[in-house]
2 protein chains.
Amino acid sequence: MGVTKDENQQVKVQEKIDKIMDDKEAAAPCCPVKDILGRFGDKWSIYAILMLGRNEKLRFNELKGLISGISQRMLTVTLRSLEEDGLVKRTIFPEIPPRVEYELTDLGQSLLLQLLELADWAKLNLHHIVAARERYAKQEQKRT
Amino acid sequence: MGVTKDENQQVKVQEKIDKIMDDKEAAAPCCPVKDILGRFGDKWSIYAILMLGRNEKLRFNELKGLISGISQRMLTVTLRSLEEDGLVKRTIFPEIPPRVEYELTDLGQSLLLQLLELADWAKLNLHHIVAARERYAKQEQKRT
DNA sequence: ATACTAGGTTACTTTTAGTAACTCAAAAGT
DNA sequence: ACTTTTGAGTTACTAAAAGTAACCTAGTAT
C-alpha cells in the first residue's frame, strides 16, 4: 500500500475534521463542537457541572457555597443556560422561603464523563502549557 | 461489598472530581480543566486547531480563507494565544512581503485528538440539546 | 416594626469580542 | 514618479458579554 500506520491515522483524522466542518445535517446551526464548547466551555459552567456531578442534588445556595467566587447572578445565568441545553434539571418546591433543587440530567452526566476525559488530558499536559507560557513571556520581554 | 457496579463507578467519578478541584500541586494556578477550556474553548481557537490539524502547515491568509468569517485581528489574537500555550508553532520567514507559517505542535496534535473525542460526543448528542432548547423556549413563551 | 430566609431581578460598570481603517517595505504596473 | 498590490499584521474604535451591588418577595420569628 505504501502508507505507514501513522499516515493512515492522519488520513482518518483529516476525514473526521472534514465531517465536523461541513455538518449541514440535522438542522445543526453549525460545527457542533464550536456550538457545544461555546456553551459550557466557560469556567462557571464547568464548575457547576463538576459540583453537580459530585453531589447528585444541590440547592442554589449550596452550589453558591461550593463554587468559590461566583455571584448570585452568575450562578443563575449559568444554571439557566445549562437548563436550557438540557444538561441540568431544575425543580422548584413552592414553599416559603422557596426551595429549588438542581441536578444533572442523563445528558449532563454523559457530558461530565467527557469533561473528566478532558481533565485527564489537562492534568497530564498542564506542565507543558505552563512551560510554554513562561518561554513565551521571556521572549516577549526581549522584544521590548 | 453491597454496592452495585454503577455505585462503584459513581464513587470513582466523585474521587476524580475531588482531585480536579483541589489541585494545588505543580504550581497549577487552579482547576486545570477550567484553565485549559477557558483558553481554547472559544470558537476561533477550535476552528484554528481543526484547520491546522487538517492541513499540516498553513500561512496566515490561508488560515483566514479556511475559517469563514474570521477577521484579521481575531485570527492574530487567536494564533498568538495558541502560540503562547505551546499548541501552535509560528515560523517567520524574513522576506518581503512577509511569510509566516503556522503548524500544530505535538501538544497541539494531542489536544486535537481530545477535541475530536468531544466532537464525537457533540455530534451524538446535539439533537438532544437542540430538542431541550426548543422545549425551554416554549416554556418561556408560556410564562410571559 | 424589624430582621431573616432562599432564590432570585434590575440597573449599572468593567472586560472582552469584534470591526474598519491604517501600516510597512519592496515590487510591479501605468 | 506615482499608484497599486501583497502578506501579515496594528491601532483606534464599537458592540456585546461578564460581572458587581443593591433591591425584591412573602412568610416566619423576635
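Numbers restart at 1 for each chain; the letters A, B, ... are given by sequence-line order, proteins then strands. Because the structure is a prediction, the values reported are computed rather than measured.
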Does OP1 or OP2 of [N] have a side-chain N or O of [X] closer than 4.0 Å?
X         : N       : result
Lys64(B)  : dT6(D)  : no
Ser71(B)  : dT19(C) : yes
Tyr102(A) : dA6(C)  : no
Arg59(A)  : dT5(C)  : no
Arg99(B)  : dT6(D)  : no

Could you check how far [atom1] of [X] sits from [atom2] of [N], rounded to whole Å?
X        : N       : atom1 : atom2 : value
Leu75(A) : dA18(D) : CG    : C1'   : 14 Å
Arg90(B) : dG9(D)  : CZ    : P     : 4 Å
Phe60(B) : dC24(C) : CZ    : P     : 18 Å
Gln72(A) : dC12(C) : CD    : P     : 19 Å
Ile67(B) : dA8(D)  : CD1   : P     : 14 Å
Ile92(A) : dT25(D) : CD1   : P     : 18 Å
Ile70(B) : dT19(C) : CD1   : C1'   : 13 Å
Met74(B) : dA16(D) : CE    : P     : 14 Å

Over 60° means perpendicular and under 30° means parallel, so classify the ring planes of Trp121(A) and Phe40(B), tilted if in between.
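It falls in the perpendicular class, over 60°.
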Can you measure from CD1 (Ile70(B)) to CG (Leu75(B)) and round to the nearest 0.5 angstrom?
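Result: 4.5 Å between the selected atoms.
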Between Leu50(B), Asp42(B), Ile49(B), which is the residue that forms a side-chain contact (heavy atoms from CB on, under 4.5 Å) with Ile46(B)?
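Only one option passes, and that is Leu50(B).
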Closer than 4.0 angstrom, basic N to acidic O: yes or no for Glu101(B) and Arg99(B)?
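Yes, this pair counts.
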Does CD belonging to Glu56(A) count more than 12 external heavy atoms closer than 6.0 Å?
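At most 12 heavy atoms, drawn from other residues, nucleotides or ligands, come within 6.0 Å of this atom.
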On DNA chain C, compare the nucleotides closest to Val100(A) and Pro97(B); which residue's is nearer the 5' end?
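Nearer the 5' end of the strand: Val100(A).
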Could you please name the option among dG18(C), dG8(C), dA26(C) that lies closest to any side-chain atom of Ile96(B)?
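Shortest atom-to-atom distance from the side chain points to dA26(C).
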So for Arg73(A) and dT10(C), does any side-chain atom that can act as donor or acceptor lie under 3.5 Å from a complementary atom in the base?
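Answer no: no donor N or O sits under 3.5 Å from an acceptor.
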5′-ward residue of the pair Thr76(B)/Asp42(A) relative to DNA chain D:
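Mapping each residue to its closest nucleotide by heavy atoms, the 5'-most match is Thr76(B).
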